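Here's the structure, in structure tokens; my notes come after.
The structure displayed is predicted, hence computed values, not measured ones.
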Amino acid sequence: MGDSPLGAGGEERARFEKELEFVQCLANPRYLHYLAQQQYFSDEAFINYLVYLRYWKRPEYARFLKFPHCLQFLDLLQEKCFRDELVNKLIIDFISEQQFFHWLYYARKRNTMTGAETDSVMSGS
């Protein structure tokens with residue numbers, strides 16, 4: 001991929017958009033479970049594709065992600081032991097639950113921190 005994905009020609013732009021969508025789908029544990037059930041993780045070509053997709057970690061590409069935690073899953077998918085566990089529904093439920101709680105409490109903590117910073121700036125401290 002070029003350094004300016006949005007300025008690329010039609011075919012390159014379409015490829016960029018497809019890869020962007022796919023990488024972000026990796027943030028969905030249920031989708032990972034589906035891929036495991038369909039035995040995509042047994043296909044060496046698919047594993048190589050996951051390795052190739054690591055370019056999304058570069059800042060010039062990562063800035064387009066709406067779900068940046070997909071990059072954590074992309075890293076985890078490089079590990080065979082993680083891929084092997086994704087067929088287990090209990091593991092998927094656990095990952096989904098942890099993801100939900102992260103979103104719930106991270107947002108709450110972030111709002112609290114942002115509010116405290118705002119109060120500090122407003123009071124001149």
Run the numbers on R13 and E17 for salt bridge (charged side-chain N to carboxylate O under 4.0 Å, His left out), then give the verdict. CA-CA 6 Å; R13 183 180 177 109; E17 290 172 354; 3.0 Å; yes

Is there a side chain to side chain contact (heavy atoms under 4.5 Å, CB included) between R83 and L76? Walk through the geometry before answering. CA-CA 8 Å; R83 294 190 306 263; L76 290 169; over 6 Å; no

Step by step, would you call F46 with L77 a side chain to side chain contact (heavy atoms under 4.5 Å, CB included)? CA-CA 11 Å; F46 188 76; L77 287 168; over 6 Å; no

One pair to check against side chain to side chain contact (heavy atoms under 4.5 Å, CB included): F73 and Q99. What are the steps and the verdict? CA-CA 11 Å; F73 284 107; Q99 189 178 54; 3.6 Å; yes

Does the side chain to side chain contact (heavy atoms under 4.5 Å, CB included) test come out yes or no for R54 and D75, once each step is laid out? CA-CA 8 Å; R54 295 183 76 194; D75 280 345; 3.5 Å; yes

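At a threshold of 4.5 Å between non-hydrogen side-chain atoms, the residues E19 and Y49 count as touching. Within the 4.5 Å cutoff, the side chain of H69 has no heavy atoms near those of the Q24 side chain. Taking 4.5 Å as the limit, every side-chain heavy atom of K18 sits out of range of all side-chain heavy atoms of V23. Counting only heavy atoms from C-beta outward, the side chains of L35 and L86 never approach each other to under 4.5 Å. Inter-residue side-chain proximity for Y40 and L50 is flagged as unmet; no heavy-atom pair is nearer than 4.5 Å.
Residues satisfying the salt bridge (charged side-chain N to carboxylate O under 4.0 Å, His left out) criterion with D43, sequence neighbours excluded, are absent altogether. Residues that satisfy the side chain to side chain donor-acceptor pair (under 3.5 Å) test with N88, not counting sequence neighbours, are absent from this structure. For K66, there are no side chain to side chain donor-acceptor pair (under 3.5 Å) partners, not counting sequence neighbours.
Annotation for Q38: atom CD counts as buried by contact number, over 12 foreign heavy atoms lying within 6.0 Å.
Atom CG of residue L26 and atom CG of residue L53 lie 7.5 Å apart, to the nearest 0.5 angstrom. Put simply, NZ on K80 and CD on E85 are 10.0 Å apart, with the number rounded to the nearest 0.5 Å. Rounding to the nearest 0.5 Å places OG of S96 at 9.0 Å from CG of L32. To the nearest 0.5 Å, the span separating CZ on R30 from SG on C25 amounts to 15.0 Å. With rounding to the nearest 0.5 Å, the separation of CG in N28 from CZ in F67 is 9.5 Å. The line from CD of E79 to CG of D84 is 11.0 Å long, rounded to the nearest 0.5 Å.
Counting only distance, with no hydrogens or angles, the side chain of H33 and the backbone of I92 share no donor-acceptor pair below 3.5 Å. Of the possible polar contacts, one joining the Q78 side chain to the L74 backbone as a donor-acceptor pair under 3.5 Å is found.
Aromatic ring centres of W56 and F22 lie farther apart than the 6.0 Å criterion allows. A distance of 6.0 Å or more separates the ring centres of Y61 and F64.
V51 and Y55 fall into different hydrophobic clusters, defined by Ile, Leu, Val, Met, Phe, Trp and Tyr side-chain heavy atoms under 4.5 Å apart, directly or through other members.
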